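Everything numeric here is computed off the predicted structure, so don't read it as measured data.
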Amino acid sequence: MSCDPKYFNDPVHGLVSFGDSLIDHLLLNLIDSVEFQRLRRVRQLGMAECVFPGATHTRLSHGIGVLREARRFADRLRELDESLLSEEQETVLLVSALLHDLGHGPFSHVFERITDDSHLDRTVEIVLDSSTSINAMLVAFDAQLPLLVGSFFIPDFAEATDMDVWPEYLTSIVSSQLDADRFDYLVRDSHFAGVKYGVFEADWLVKHLNVDDKGIYVQRKAFTAAESFVMARHHMYTSVYFHHATRAAEVMLERLFSRYKLLLRGCTGPQQVAEVVPGAPPAVVSAFGDAKLSLDQYLALDDSMLTVFIYCCQGARDPILSALGWGLWNRRLWKHIDVTHAKTTEVVKFVGHVRDELENQGADINYIWADDTPADTPYRPYNVLVAEVPIRVENGAGIVVEITEVSEALHSLTKQYSLARYYFASEVRGIVKQAEAEVLGGGDH
């Protein structure tokens with residue numbers, strides 16, 4: 001007996017539907033797994049809600065959105081040629097799209113930098129580990145499916161396990177510069193941040209995708225849409241992801257994690273560990289120890305655990321940890337000065353002046369002063385040294401070329417741009433402002 005279709009009412013894409021096929025039943029089961037449901041407690045944009053109050057959406061909603069977009073790519077492949085996508089390939093593609101962020105830790109990239117835990121490696125581990133419900137569901141569907149999904153994520157893994165290497169036009173749907181991941185997160189992050197920078201013509205782009213022996217390319221009619229897509233990503237980085245206040249919160253969070261990790265190393269027993277941050281969740285205590293976390297320990301971590309930890313840090317006896325915890329909990333973020341366009345000699349003199357003054361006062365510079373240089377390359381043309389799949393488009397003569405050959409606007413975005421900022425605790429603002437006035441000419445920041 002067939003079942004009625006099931007739907008998720010997504011605020012970005014509308015209804016995301018699931019039918020009565022075996023693959024749809026598998027996808028629904030995967031969504032309901034404990035490992036995937038954990039992503040309800042991992043925010044997509046980490047600390048961005050300090051600036052954009054609506055940006056509290058999760059990696060779970062993003063995963064479902066990427067699945068929806070990957071299915072549209074798959075439908076387009078079938079529309080072009082049924083032989084481009086076998087049933088097995090479609091299964092691996094859709095499962096990989098859904099699970100692509102499965103291994104993300106709490107506060108994602110900040111946490112990853114401090115703990116050295118790769119979210120991609122953890123994703124593959126969750127898929128392959130026989131103790132997870134995800135693995136059990138995949139094996140029940142097809143004994144080889146975990147290995148197939150692992151090989152889809154990591155090409156080297158396919159070679160190491162004698163799996164067939166996937167055609168690039170399939171893997172690029174999940175990971176490339178024109179993929180289902182970006183199709184979702186640009187519009188989703190834009191929507192919840194309350195901005196319009198990430199909006200582009202997704203429907204028109206998908207309708208005009210084509211495939212040749214080198215992979216997916218965009219037909220001439222959708223060239224402008226492809227160009228706008230890249231520009232949308234660039235604008236989201238400059239206006240949302242690299243927003244100075246979001247980065248201030250991330251700098252503080254990274255310093256808090258680093259400080260806690262340092263204090264733990266000085267402990268000689270469980271009692272001392274517990275006294276560093278009274279009430280800290282055991283899963284968080286384990287995360288910042290020197291031993292690598294087991295998979296079970298890793299999966300016990302989410303944003304809610306670390307939010308409790310930040311709250312508890314306010315009561316720490318260590319004044320640095322307490323101040324950072326209080327500042328993050330109450331959104332008392334560090335101030336900043338942007339020196340991106342200042343002369344290098346002036347910046348060196350400015351930084352030296354500030355550091356000398358802080359050292360004269362006996363301050364621990366590492367926890368009241370920090371440099372931050374966020375960088376991005378908006379678009380990467382083909383380069384043998386860079387593992388990025390370029391965007392190819394059809395030019396006016398019907399020849400498929402790399403997009404910067406016909407787009408002057410995007411050609412200007414192939415160079416890395418970076419920002420240079422310094423963040424500082426409010427109690428040293430006077431020192432920083434004085435140095436700024438003397439060396440950089442003053443100004444409000």
Problem set entry | salt bridge (Lys or Arg N to Asp or Glu O under 4.0 Å) between Arg76 and Glu79, worked out | CA-CA 5 Å; Arg76 175 58 181 166; Glu79 185 179 301; 2.5 Å; yes
For this session: Evaluate the side chain to side chain contact (heavy atoms under 4.5 Å, CB included) criterion for residues Leu26 and Leu145: first the C-alpha distance (whole Å), next the side-chain angles of each, then the deciding distance (0.1 Å), finally the verdict.
Result: CA-CA 12 Å; Leu26 171 63; Leu145 192 49; 3.9 Å; yes
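- In this structure, the separation between CD on Gln314 and CH2 on Trp329 is 7.0 Å, given to the nearest 0.5 Å.
- In terms of heavy atoms, Thr414 sits closest to Pro381 at CG2-CD, 3.7 Å.
- A salt bridge links Asp212 to Arg392: one of the charged nitrogens lies within less than 4.0 Å of a carboxylate oxygen.
- Arg43 is listed as a side-chain neighbour of Thr56, based on a closest heavy-atom distance under 4.5 Å.
- For the 3.5 Å distance criterion, the side chains of Asp189 and His62 fail to qualify, holding no donor opposite an acceptor.
- Contact check for Met236 versus Tyr185: no side-chain heavy atoms found under the 4.5 Å cut-off.
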For this session: With salt bridge (Lys or Arg N to Asp or Glu O under 4.0 Å) as the test, would you mind laying out the steps for Arg41 and Asp303 before giving the verdict?
Result: CA-CA 6 Å; Arg41 303 183 298 277; Asp303 282 17; over 6 Å; no
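- Below 30°, between 30° and 60°, or above 60°: for Phe257 and Phe309 the angle between ring planes is between 30° and 60°, a tilted geometry.
- Side chains of Glu250 and Tyr423: no donor on one and acceptor on the other come within 3.5 Å.
- In summary, the aromatic rings of His104 and His109 are positioned with their centroids under 6.0 Å apart.
- Between Asp318 and Arg259 there is a salt bridge, with a side-chain nitrogen of the basic residue lying less than 4.0 Å from a carboxylate oxygen of the acidic one.
- Taking every heavy atom of both residues into account, Ala375 and Ser418 meet most closely at CB-CB, 3.7 Å.
- Under a 4.0 Å N-O distance rule, the pair Asp10/Arg68 does not qualify as a salt bridge.
- A pairwise comparison of heavy atoms in Cys50 and Ala249 identifies SG-CB, 4.1 Å as the closest pair.
- Counted by atom type alone, Ser228 and Glu201 present zero donor-acceptor pairs between their side chains at under 3.5 Å.
- Under the 3.5 Å distance criterion, with hydrogens and angles disregarded, a donor-acceptor pair is assigned to the side chains of Ser151 and Trp166.
- For NZ of Lys207, the number of neighbouring non-hydrogen atoms (other residues, nucleotides, ligands) closer than 6.0 Å is 12 at most.
- In this model, no donor atom of one side chain and acceptor atom of the other lie less than 3.5 Å apart for Asp296 and Ser294.
- Side-chain N/O atoms of Gln272 and Thr268 include a donor and acceptor closer than 3.5 Å.
- Between Tyr422 and Trp369, the closest side-chain pair of non-hydrogen atoms falls below 4.5 Å.
- Ring pair Tyr241/Tyr237 is perpendicular by interplanar angle, where above 60° counts as perpendicular and below 30° as parallel.
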Problem set entry | CA sep, side-chain torsions, deciding dist, call: Tyr417, His234, ring pair (Phe, Tyr, Trp, His ring centres under 6.0 Å) | CA-CA 10 Å; Tyr417 76 92; His234 172 57; 5.4 Å; yes
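- With hydrogens and angles left out, the side-chain atoms of Asn210 and Tyr217 include a donor and acceptor closer than 3.5 Å.
- For the pair Val218 and Val393, the minimum side-chain heavy-atom distance is below 4.5 Å.
- The minimum heavy-atom distance between Asp129 and Ser131, with the atom names listed, is OD1-OG, 2.5 Å.
- Counting only heavy atoms from C-beta outward, the side chains of Leu15 and Ser17 never approach each other to under 4.5 Å.
- Residues Asp24 and Leu27 form a side-chain contact, since some pair of their non-hydrogen atoms from C-beta on lies under 4.5 Å apart.
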For this session: Start with the C-alpha gap between Arg78 and Glu90, add the side-chain angles, then the distance that decides, and say whether salt bridge (Lys or Arg N to Asp or Glu O under 4.0 Å) holds.
Result: CA-CA 10 Å; Arg78 282 227 170 84; Glu90 181 180 24; 3.0 Å; yes
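- The shortest side-chain heavy-atom distance between Arg188 and Ser61 falls under the 4.5 Å cut-off.
- Tyr298 and Phe111 have tilted rings, their planes meeting at an angle from 30° to 60° on a 0 to 90° scale.
- A salt bridge links Asp117 with Lys292; the closest basic N to acidic carboxylate O contact falls under 4.0 Å.
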Problem set entry | Worked verdict on Asp372 versus His244 for side-chain hydrogen bond (donor to acceptor under 3.5 Å, both in side chains) | CA-CA 10 Å; Asp372 183 49; His244 67 84; over 6 Å; no
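- Side-chain contact check for His25 and Asp20: at least one donor-acceptor pair (N or O, by modelled atom type) lies under 3.5 Å.
- Remark: Arg59 engages Asp101 in a salt bridge, criterion side-chain N to carboxylate O under 4.0 Å.
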For this session: Let me see the working for Glu69 and Arg182 under salt bridge (Lys or Arg N to Asp or Glu O under 4.0 Å), right down to the final yes or no.
Result: CA-CA 9 Å; Glu69 294 300 281; Arg182 297 184 186 193; over 6 Å; no
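- A donor-acceptor contact under 3.5 angstrom links the side chains of Thr404 and Glu402, judged on distance only.
- In summary, of the residues considered (Leu102, Ile134, Thr132), a side-chain contact (heavy atoms from CB on, under 4.5 Å) with Ser33 occurs for Ile134 alone.
- What you find for Ala225 and Trp204 is that their closest heavy atoms are CB-CD1, 4.1 Å.
- No side-chain heavy atom of Phe424 sits less than 4.5 Å from a side-chain heavy atom of Leu358.
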